[in-house]
Amino acid sequence: MKKREKKDRKKTVQEKIKTNITDDFGGIAHDIFMKQDQLLDLLDKISGSGKKGEESDVEETVHEIRVNFRRLISLFYFYKPLVRGKVSIGLQKDLKNALGSFESDRTFHIFNRAITKYGEAIGNNATPHEAEDTEVLLREAVAMNEKGYFRNIGKKSPDPRTKEFADRYCSLKERILKSEGELFKRRVYGRSLDMTGFRQRRYQKLREKFKGKERELDLEDMKAVHRLRIQGKNIYYAVKNLEQDLGEEAVNWTKHLKDIQDVAGRIHDAEVNLQIAGDIEKKQEISESVQRFNEYLLKEKEVKGMELMRLVSSPKEITQ
C-alpha cells in the first residue's frame, strides 16, 4: 500500500510539474499566436487595397508580424534547457523560415526609408543634382521590387500571400500549441521543478553570457556584431514576456538590450542597403546618385558603430 501511495504521489508531482511548464510556455505561445492571427488577417486585407497610406500600414503590420515570430523563437531560446533538442531545432527552423517570408517586404521598406532619410539629411543645401537623388532612387527601388529583386532576398521562404505559407503557418501553430506535452524533456518531469527559480537562473545565465559578448565585441567583425544583435533580440523578447516575474532589474536591463538591438540593427540595415545600392550602381545613368547615397550610408554605419561601442563599453549599472 505504501509503495502504491508513494507511486501515486510521484505521479501527482510529475503531473503538476508538467502542468506548470506547459502553462508557463504554452500560455505565452498561445497569446502570441492569437495576435499573429489577427495581424496576418489584417495584412491580407490592406495589401494591395490601393487606399491612401496603405504602404505605411503594410510596413507597420509586417514589422509586428516579424516581432511575433521573433518572440516565438526567443521563447524556445529561453526554455532551451527544458525543451527536447530535436523538436526544438525543427520548430525553430520552421519559425525562422516563416520569419524569412517577410524578409523581402522588410528589406524593401528599410531601403526606401533610408533613401527618404538621405533626402532629409541633404535638405535645403542640396545641389540641383542631389535634389533629384531621392526621386531617382525611390523610382529605381520600386522598379526593382516589381521585377522581384527583393522577393529573392526571402531565403527561399514561401511568399506570405500564398496558400503554401498559410498551410505551413497553420501546421506550425498546431505543432507548438497542441503538442506541448511532447516538447519537453522527460527527465524534467521527474524532478521538482520550480518555474520561478528556473526563470531567475536562466535569466542570470543569459545576462552573464551576453555581457561577455559585449566585452569581446570587435566592431570590425560584422559577423560578431550580427551575432550580438541576434542574441540580444532573443534575450530581449524572452525577458519581456517575463518582466513581471523577474523584477525591476530585468525591466531596466531590457532597456539596455533594446538600445543595443536598435543601434546594431541600424548597422545591419546600412550593410544590406549598401549591397542593394551596389547592385543599382551598375546602371550607369544613375550611378552618381547611388555614389552620393553610398557616402550617406557609410557615414550612417560609422556613426552607429561608434554609438554601439559606447553602449557595450559602458553598459548601465542595473542595481534597482
Atom CE of M34 with >12 non-hydrogen neighbours under 6.0 angstrom: no
pair M309-L217: side-chain heavy atoms closer than 4.5 Å: yes
Geometric class of the F111/F150 ring pair [parallel <30°, tilted 30-60°, perpendicular >60°]: tilted
K255/D259 salt bridge by N-O under 4.0 Å criterion: no
Charged N-O contact under 4.0 Å between R161 and D105: yes
Option from Q261, E300, E271 for which side-chain hydrogen bond (donor to acceptor under 3.5 Å, both in side chains) with R266 holds: E300
A114 to N273 - nearest heavy-atom pair and separation: CB-ND2, 3.5 Å
Point-to-point distance, once rounded to the nearest 0.5 Å, from NZ of K205 to CZ of F78: 11.5 Å
CA sep, side-chain torsions, deciding dist, call: F108, Y149, side chain to side chain contact (heavy atoms under 4.5 Å, CB included): CA-CA 9 Å; F108 177 61; Y149 173 89; over 6 Å; no
N-O pairing of E307 and K304 below 4.0 Å: yes
Straight-line distance of L137 CG to R139 CZ, nearest 0.5 Å: 9.5 Å
Exercise: identify the closest heavy-atom pair between A250 and V239: CB-CG1, 4.0 Å
Heavy-atom pair of closest approach, residues N68 and I32: O-CG2, 3.6 Å
R202 charged N/C atom sitting above Y77 aromatic ring, 6.0 Å / 45°: yes
Rounded distance [0.5 Å steps], CG in D94 versus CG in L99: 12.5 Å
Sub-4.5 Å side-chain heavy-atom contact between H63 and R66: no
S101 side-chain N/O to S157 backbone N/O, donor-acceptor pair under 3.5 Å: no
Validation row: Q36, L72 side chains within 4.5 angstrom (heavy atoms): no
Cluster overlap M222 with I110, hydrophobic side-chain contacts below 4.5 Å: no
Test item: I176 and F33 side chains (from C-beta on) under 4.5 Å apart, heavy atoms: yes
Atom pair OG/CD of S289 and E135 - distance to nearest 0.5 Å: 10.5 Å
Side-chain (E103) to main-chain (G100) donor-acceptor, under 3.5 angstrom: no
E164/R168 salt bridge by N-O under 4.0 Å criterion: yes
From F25 atom CZ to L75 atom CG, the distance as rounded to the nearest 0.5 Å: 4.0 Å
Side-chain heavy atoms of V303 within contact of K299, under 4.5 Å: yes
From I235 atom CD1 to T254 atom OG1, the distance as rounded to the nearest 0.5 Å: 11.5 Å
Note, F69 side chain near Y237 side chain (heavy atom, < 4.5 Å): no
Sidechain N-carboxylate O distance under 4.0 Å for R113, D269: no
Contact summary for R106 and V62, nearest pair of heavy atoms: N-CG1, 4.5 Å
Contact check, side chains of R70 and Y236, non-hydrogen atoms, under 4.5 Å: no
Side-chain touch N97/L172, heavy atoms, less than 4.5 angstrom: no
Side chain to side chain contact (heavy atoms under 4.5 Å, CB included) between F210 and I260, worked out: CA-CA 11 Å; F210 189 79; I260 294 285; 4.0 Å; yes
Verify same cluster id: V67, I73 (apolar side-chain graph, 4.5 Å): yes
Taking every non-hydrogen atom, the tightest pair across S104 and R151: OG-NH1, 3.1 Å
F165-F102 aromatic ring centre distance below 6.0 Å: yes
Derivation of the side chain to side chain contact (heavy atoms under 4.5 Å, CB included) call for V83 and L91: CA-CA 11 Å; V83 180; L91 288 172; over 6 Å; no
Any donor-acceptor N/O pair, S88 side chain to G85 backbone, under 3.5 Å: no
Minimum heavy-atom distance between L228 and K213, given as atom pair plus value: CD1-CB, 3.8 Å
Stepwise side-chain hydrogen bond (donor to acceptor under 3.5 Å, both in side chains) test for E249 and Y203: CA-CA 11 Å; E249 177 186 279; Y203 160 70; 3.3 Å; yes
L311 reachable from L257 in the ILVMFWY side-chain graph, under 4.5 Å edges: yes
E120/K117 salt bridge by N-O under 4.0 Å criterion: no
Side chain to side chain contact (heavy atoms under 4.5 Å, CB included) assessment of I267 paired with L308: CA-CA 9 Å; I267 295 172; L308 179 61; 3.8 Å; yes
Same apolar cluster (I L V M F W Y, side chains within < 4.5 Å links), I28/F76: yes
Test side-chain hydrogen bond (donor to acceptor under 3.5 Å, both in side chains) applied to H226 and R229, step by step: CA-CA 5 Å; H226 181 65; R229 168 176 161 264; 3.1 Å; yes
Common cluster, L95/I89, ILVMFWY with side-chain heavy-atom separation under 4.5 Å: no
Side-chain (R84) to main-chain (L183) donor-acceptor, under 3.5 angstrom: no
